[in-house]
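Below you'll find the structure, written out as C-alpha cells, and then a few comments.
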Amino acid sequence: QVQLVESGGGLVPAGGSLRLSCAASGDTACVSTLAWFRQAPGKGRVLVASISSGGTTFYADSLKGRFTISRDNAKNTVSLQMNSLKPEDTAVYYCNAAPGTLFRCPGYGAWGQGTQVTVSA
C-alpha cells in the first residue's frame with residue numbers, strides 16, 4: 001500500500017509560479033512511475049506530467065516548457081514546478097503512483113487527495 005499527500009496549491013496571479021509537492025508513504029518500494037494529473041471545473045481528469053523511477057519524463061504538449069516534474073527517491077517525493085501560469089491552468093491537481101512491479105506490490109495504483117490551484121487573470 002502507498003499513500004500520497006499533495007501540498008503547495010494556492011492562489012497566484014497570471015504569470016506567477018507555484019511548486020506542488022507530493023509525499024509518498026507506506027510501502028514506497030511499490031512506487032514506480034509518478035505523475036501529476038489535473039481536473040478543471042466541469043472537465044475530466046487529464047495527465048499533466050509523469051516521471052519514471054529512472055527519471056524519464058513526459059509532459060502534455062501544451063505544458064512543455066512551462067512545467068517541470070522532478071522526484072527525490074531518497075525523500076519519496078515528487079514535485080511539479082509550474083511557471084508562467086495562466087488562468088486556464090486553474091484546476092485541482094492530483095498526484096498519482098502507478099502500480100508497482102514487485103511481487104509484494106498490489107496490482108493497482110494510488111491517488112492523492114488533490115490540491116487546488118487557482119490562477120487569477
Side-chain angles (χ1 to χ4, degrees):
Q1 60 180 326
V2 176
Q3 297 81 44
L4 303 174
V5 179
E6 303 99 332
S7 62
L11 176 64
V12 63
S17 298
L18 281 175
R19 185 176 180 87
L20 307 181
S21 295
C22 172
S25 61
D27 191 354
T28 54
C30 292
V31 175
S32 55
T33 295
L34 290 163
W36 287 95
F37 289 72
R38 71 183 184 185
Q39 186 167 14
K43 298 183 178 180
R45 189 172 299 184
V46 298
L47 177 65
V48 174
S50 66
I51 183 167
S52 73
S53 60
T56 301
T57 59
F58 167 85
Y59 298 93
D61 287 343
S62 62
L63 304 177
K64 191 175 298 182
R66 294 196 298 122
F67 289 13
T68 302
I69 190 170
S70 61
R71 67 190 292 166
D72 186 332
N73 291 330
K75 296 181 178 179
N76 299 312
T77 59
V78 60
S79 298
L80 184 69
Q81 178 67 46
M82 305 185 295
N83 299 324
S84 302
L85 285 164
K86 305 173 181 179
E88 51 263 43
D89 295 319
T90 295
V92 178
Y93 285 70
Y94 297 91
C95 182
N96 169 262
T101 58
L102 297 178
F103 175 75
R104 71 173 190 257
C105 298
Y108 51 86
W111 289 94
Q113 81 289 344
T115 185
Q116 176 71 47
V117 172
T118 302
V119 184
S120 61

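- In terms of heavy-atom proximity, Cys95 sits nearest to Val78 at SG-CG1, 3.7 Å.
- When side chains are defined from C-beta on, Glu6 does not count as touching Leu20, because their heavy atoms never get closer than 4.5 Å.
- Between Arg38 and Leu63 the shortest side-chain heavy-atom distance falls below 4.5 Å.
- Atom OG1 of Thr28 and atom CD of Gln3 lie 10.5 Å apart (nearest 0.5 Å).
- At least one side-chain heavy atom of Gln81 sits less than 4.5 Å from a side-chain heavy atom of Ser17.
- A pairwise comparison of heavy atoms in Val119 and Thr90 identifies N-OG1, 2.9 Å as the closest pair.
- Other cluster members for Trp111: Phe37, Leu47, Phe58, Val92, Tyr94, joined by side-chain heavy-atom distances under 4.5 Å among Ile, Leu, Val, Met, Phe, Trp and Tyr.
- Of all non-hydrogen atoms in Leu80 and Ala49, the two that sit nearest each other are CD1-CB, 4.4 Å.
- Across all non-hydrogen atoms, the minimal contact from Pro106 to Pro99 is O-CB, 4.2 Å.
- Atom-to-atom distance recorded for Gln116:CD and Leu11:CG is 9.5 Å, nearest 0.5 angstrom.
- Of all heavy-atom pairs between Val117 and Gly9, the closest is CG2-CA, 4.2 Å.
- Smallest separation of non-hydrogen atoms from Ala110 and Val2: CB-O, 3.5 Å.
- Dense packing is recorded around CD of Glu88, with more than 12 heavy atoms of other residues, nucleotides or ligands lying under 6.0 Å away.
- Atom CG of Asn96 sits about 8.0 Å away from atom CG of Leu34, to the nearest 0.5 Å.
- Here CG of Leu4 is found 10.5 Å from CG of Asn76. Values are rounded to the nearest 0.5 Å.
- In this structure, the side chains of Thr77 and Ser21 stay at 4.5 Å or more apart for every pair of heavy atoms.
- Considering only heavy atoms from C-beta on, Arg66 comes within 4.5 Å of Asp89 through its side chain.
- Looking at Ser53, its side chain never comes within 3.5 Å of a backbone N or O of Ser32 through a donor-acceptor pair.
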